[in-house]
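Have a look at the structure below before the remarks.
Convention: sequence-line order gives letters A, B, ...; per-chain numbering from 1.
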Number of protein chains: 2
Amino acid sequence: MEYKEAKDRFIGTWGSLGTLWGINKAMAQIQALLFISTKPLCMEDIMEELKISRGNTSMNLRQLMDWGIVTKVLISGERKEFFSTEKDVQELARIIAKERSRREIKPVIKVLKEVSSIKDDGSEKTKELIKQTKALHNLTQDADAMINKLMDQKQNWLTKSVFKLLK
Amino acid sequence: MEYKEAKDRFIGTWGSLGTLWGINKAMAQIQALLFISTKPLCMEDIMEELKISRGNTSMNLRQLMDWGIVTKVLISGERKEFFSTEKDVQELARIIAKERSRREIKPVIKVLKEVSSIKDDGSEKTKELIKQTKALHNLTQDADAMINKLMDQKQNWLTKSVFKLLK
DNA sequence: ATAAACTTTCAGTAATTATTGAAAGTTTAA
DNA sequence: TTAAACTTTCAATAATTACTGAAAGTTTAT
């Protein structure tokens with residue numbers, strides 16, 4: 001497999017993976033492109049490489065910046081803006097986990113808490129609703145807390161010690 | 001908040017959460033409904049409760065069964081089929097994590113491995129592609145392995161000890 | 001102040017994904 | 001074996017989501 005094919009395969013795969021962690025294809029592809037680029041890219045570069053429109057590129061870059069994954073880079077002597085992405089995978093994972101937690105998990109936890117806190121009127125169905133949503137609330141909260149803590153660890157050595165524990 | 005409102009809120013929230021962990025709204029809603037039901041439900045029950053068509057109900061129940069989250073239940077004296085979902089959240093989480101790993105994460109890991117294994121032609125851009133996809137490959141593989149191991153633990157006490165480690 | 005170089009916005013359109021409903025298929029009881 | 005009770009399939013359609021391109025907006029150099 002040559003460079004070109006490998007690159008396209010990576011961008012394509014990352015793009016379709018994007019949809020599953022809640023961001024759209026173009027957004028994931030732009031990030032992928034920047035991730036393997038040796039230097040910051042401008043809008044023209046991205047449009048041309050991914051064959052997408054100016055508007056699409058602009059909007060998705062904006063979103064990536066909102067997530068905190070992509071930053072503007074000023075290149076002296078150049079008028080236009082350049083973009084680059086976080087290059088450290090550990091840090092990238094940390095940012096993504098944090099944002100997803102904030103945007104998606106936390107609101108769900110809030111609803112689960114509210115729903116599981118309704119007054120027990122004694123009926124079987126109310127008891128079941130309370131019991132099940134409470135269980136889900138605990139699980140979701142624990143999982144969320146754990147992921148956040150795990151991601152906050154700067155080094156990978158921790159992962160190793162968690163692994164050992166899980167033998 | 002009364003039972004009815006709480007139930008609707010739970011089903012609605014779970015449904016929209018569904019889209020983000022890769023299953024569609026109806027599928028997630030059916031699962032939510034079964035999850036808080038005190039007894040197995042038949043197709044009519046589900047259709048009526050969620051206001052969705054027979055075809056939709058049938059197809060999504062099928063998918064839920066493919067995932068291994070929902071099972072058919074035979075009720076003696078009844079001709080039609082009834083359905084119920086896994087009621088233990090721990091087990092539910094385990095099934096979902098396993099399936100997602102198998103369906104989505106594993107294929108990505110495979111591509112990352114292939115892409116990161118291309119021949120180094122000495123150029124800077126090839127070196128960068130290899131370096132970055134290799135880092136992503138390692139991270140994804142570690143995270144996947146860890147989640148699978150965590151989920152395999154039957155008890156919750158383990159989570160507590162992992163938490164301690166992460167203080 | 002002007003105009004060139006560049007970016008953003010957004011209404012319209014295209015692409016994708018979910019849903020319906022009716023016909024075809026299956027099972028069971030008599 | 002027939003027909004009623006039930007489930008599945010799938011082509012048509014609806015709903016949602018993504019993308020385009022051109023106009024409006026912004027910045028910078030002169």
Where each residue is assigned the nucleotide of DNA chain D containing its nearest heavy atom, which of B:Met59 and B:Cys42 is assigned the position nearer the 5′ end?
-> B:Cys42
Map A:Lys25 and B:Arg62 onto DNA chain D by nearest heavy atom, then report which one ends up closer to the 5' terminus.
->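 Upstream on the strand: B:Arg62.
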Rounded to whole Å, please give me the gap between [atom1] in [X] and [atom2] in [N].
X: B:Lys80; N: C:dA29; atom1: NZ; atom2: P; answer: 15 Å
X: A:Leu50; N: D:dT20; atom1: CG; atom2: P; answer: 10 Å
X: A:Glu81; N: C:dA5; atom1: CD; atom2: P; answer: 16 Å
X: A:Leu61; N: D:dA18; atom1: CG; atom2: C1'; answer: 16 Å
X: A:Arg54; N: C:dC10; atom1: CZ; atom2: P; answer: 18 Å
X: B:Ile46; N: C:dT19; atom1: CD1; atom2: C1'; answer: 16 Å
X: A:Asp66; N: C:dT8; atom1: CG; atom2: P; answer: 11 Å
X: B:Gln63; N: C:dT19; atom1: CD; atom2: C1'; answer: 13 Å

Can you figure out which of [options] approaches the side chain of [X] most closely?
X: A:Ser58; options: C:dT8, C:dT7, D:dC6; answer: C:dT8
X: A:Ser53; options: D:dT20, C:dT19, C:dT7; answer: D:dT20
X: B:Asn24; options: D:dC19, C:dA18, C:dT20; answer: C:dA18
X: A:Lys72; options: D:dT8, C:dT8, D:dC19; answer: C:dT8

Does B:Glu48 CD have over 12 foreign heavy atoms under 6.0 Å away?
->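 Count not over threshold, so no.
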The answer to which of B:Arg79 and A:Arg79 contacts DNA chain C further toward the 5' end, by nearest nucleotide, is A:Arg79
Tell me which of B:Met27 and A:Phe82 sits closer to the 5' end of DNA chain C, going by the nucleotide each one is nearest to.
->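 Residue closer to the 5' terminus by nearest nucleotide: A:Phe82.
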Salt-bridge criterion met for A:Glu128 and B:Lys87 (N-O under 4.0 Å) | yes
With distance as the sole criterion, is a donor-acceptor pair present between the side chains of A:Glu124 and B:Thr38 under 3.5 Å?
->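 No pair is found: no donor N or O on one side chain lies under 3.5 Å from an acceptor on the other.
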Pairing residues for B:Asp45 by the side chain to side chain donor-acceptor pair (under 3.5 Å) criterion, not counting sequence neighbours |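 Result, side chain to side chain donor-acceptor pair (under 3.5 Å) vs B:Asp45: none returned.
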Kindly write out the residues that satisfy salt bridge (charged side-chain N to carboxylate O under 4.0 Å, His left out) with A:Glu86, not counting sequence neighbours, or none if the list is empty.
->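 Testing A:Glu86 for salt bridge (charged side-chain N to carboxylate O under 4.0 Å, His left out), a comparison that skips the adjacent residues, returns none.
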